[in-house]
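What follows is a single structure, written as structure tokens, with notes after it.
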2 protein chains.
Amino acid sequence: MAAGGAAKLRIPQPKSRAGPVVAVRWRMGRFLSTFQGRLDSKGRVSLPAAFRAVLEADGHPGVFLHPALEQPAIEAGGNRLLAEIDGLIGRFPPYSEARDLMATALLGQAEIAKLDPEGRLTLPERLKAHAGISQSLVFVGLGEKFRIWAPEKFTAHLEEATSNLRAVRAGLSRSG
Amino acid sequence: MAAGGAAKLRIPQPKSRAGPVVAVRWRMGRFLSTFQGRLDSKGRVSLPAAFRAVLEADGHPGVFLHPALEQPAIEAGGNRLLAEIDGLIGRFPPYSEARDLMATALLGQAEIAKLDPEGRLTLPERLKAHAGISQSLVFVGLGEKFRIWAPEKFTAHLEEATSNLRAVRAGLSRSG
DNA sequence: TTGACGCCCAAGTTTTCCCATGTTAGCCCA
DNA sequence: TGGGCTAACATGGGAAAACTTGGGCGTCAA
């Protein structure tokens with residue numbers, strides 16, 4: 001369900017930096033776990049309280065949303081996600097076509113959804129269409145960001161993710 | 001039954017003032033031994049005091065939980081377990097598909113259970129289902145983390161593990 | 001005028017907190 | 001060394017707080 005047939009951009013890898021940064025990150029709130037939600041008659045969904053708390057700590061007004069690059073899902077987050085996107089785009093040479101493509105895909109298609117006083121948000125039609133969401137949906141925490149899926153699509157994706165994890169684990173135990 | 005309500009598989013806990021001594025000798029607290037527990041009418045279980053102490057030393061607010069990959073059990077722990085998972089995800093570059101898959105499988109399936117003032121926690125339905133837990137359960141220490149099992153499943157698993165271990169040792173004595 | 005949007009209110013539930021009580025293990029002392 | 005005595009634990013419920021949800025209104029703009 002992931003990499004469609006479309007040609008994939010080769011993403012420049014960041015300089016190796018693993019340890020310390022990671023340790024710091026764990027101190028911050030992360031999006032994790034999955035929650036189900038439903039659009040009400042006005043098209044609103046309440047963002048799970050746990051996610052709301054992470055966003056508030058992050059200090060971003062509203063929720064930053066953009067279509068996931070390779071999945072029929074919406075990616076969402078706050079300042080941390082934005083920073084990561086900036087970093088990703090910044091790794092491509094200025095004025096390169098690849099950079100334009102990335103920026104167009106990630107920023108050009110983005111939206112910012114406001115939360116109402118009860119913590120609900122309304123998903124833009126375009127993004128709902130991209131994710132194939134009609135009434136029910138699931139919020140899936142991925143650490144610095146989260147995704148919004150149509151339940152059926154997520155089920156399939158989760159299977160892929162799980163078998164991928166099994167493969168990685170197997171690889172790890174062989175190599176130590 | 002009360003304090004000892006968790007009884008059959010019970011193993012003596014550290015004698016009262018032995019706490020600090022234990023910590024010193026083992027350097028870091030580890031989840032050890034097996035305890036039995038029961039969900040009360042509200043679905044709560046009290047985390048064995050010994051495990052609670054390890055979590056507190058670890059400084060994690062609440063208990064990090066996720067389904068065990070290869071077994072019908074719940075894996076649980078604190079910051080140390082989180083760091084391990086973070087390391088696994090951190091091997092992949094941000095915004096790579098591999099990383100998203102890992103995060104989906106590891107973080108998307110995880111939960112954080114808060115402890116109430118009495119040291120009890122409530123297991124999410126999803127995880128109870130994965131482990132086949134209905135009323136009673138066992139906590140099994142594994143050092144840096146612990147597992148939560150349905151008693152019958154654990155018994156079966158233990159038997160299998162034991163015979164596998166015998167096989168391994170037999171192999172060792174033949175070859176070395 | 002109609003529709004989209006944001007804010008306010010009013011429930012219905014679920015979670016968390018607080019307190020009381022029954023046990024158990026370790027300690028102190030005759 | 002046998003009994004209390006006390007500090008910890010484990011539990012059971014009830015009460016309070018936090019979340020979700022479903023609508024009602026007023027405002028702004030096409």
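Letters A, B, ... mirror the listed sequences (proteins, then strands); counts begin at 1.
Note: CD (A/Gln36) to C1' (C/dT13) measures 16 Å, nearest angstrom. Atom CZ of A/Arg120 and atom P of D/dG23 are 11 Å apart (whole Å). The separation between B/Phe139 atom CZ and D/dC9 atom P is 15 Å, rounded to whole Å. Going from atom CD of B/Glu111 over to atom P of C/dT14 covers 17 Å, rounded to whole Å. As rounded to whole Å, 16 Å separates atom P of C/dC5 from atom CD1 of A/Ile112. In this entry the distance linking CG of A/Asp40 with P of C/dG12 reads 18 Å, nearest Å. Here the P atom of nucleotide D/dT11 and the CG atom of B/Leu39 are 11 Å apart, to the nearest Å. Distance CZ (B/Phe51) to C1' (D/dC9): 15 Å, rounded to an integer number of Å.
With B/His60 contributing its side chain and B/Arg80 its backbone, the two residues share no donor-acceptor pair below 3.5 Å. Judged by distance alone, the side chain of B/His130 and the main-chain N or O of B/Gln71 form a donor-acceptor pair under 3.5 Å.
In this structure, the nucleotide among C/dC17, D/dG23, D/dT20 sitting nearest to the side chain of B/Arg44 is C/dC17. Of the candidates D/dA10, D/dG22, C/dC17, C/dC17 carries the atom nearest the B/Pro117 side chain, counting heavy atoms from C-beta on. Picking from D/dC19, D/dT11, C/dC17 the nucleotide with the shortest atom distance to the side chain of A/Ala49 gives D/dC19.
By the 4.5 Å heavy-atom criterion applied to side chains, B/Thr104 and A/Asn164 are not counted as neighbours.
In this model, the phosphate group of D/dT11 is approached by a side-chain N or O of B/Ser46 to a distance below 4.0 Å at OP1 or OP2. Within the 4.0 Å cut-off from OP1 or OP2 of C/dG6, at least one side-chain nitrogen or oxygen of A/Lys114 is found. Look at A/Arg52 and you'll find a side-chain N or O under 4.0 angstrom from OP1 or OP2 of D/dT20.
Judged by atom type and distance alone, B/Glu118 reaches the base of C/dC18 through a side-chain donor-acceptor pair under 3.5 Å. Under 3.5 Å, the side chain of A/Arg38 and the base of D/dG22 form no donor-acceptor pair of N or O atoms. With hydrogens and angles ignored, no donor-acceptor pair under 3.5 angstrom links the side chain of A/Lys42 to the base of C/dG3.
Cation-pi geometry between B/Lys145 and B/Phe64 is not satisfied (NZ or CZ under 6.0 Å from the ring centre, within 45° of the ring normal).
Take the nearest nucleotide of DNA chain D for B/Asp116 and for B/Leu47: the residue whose nucleotide is more 5' is B/Leu47.
The only member of B/Phe139, B/Phe146, B/Trp149 that meets ring-ring contact (aromatic ring centres under 6.0 Å, His included) when paired with B/Phe154 is B/Trp149.
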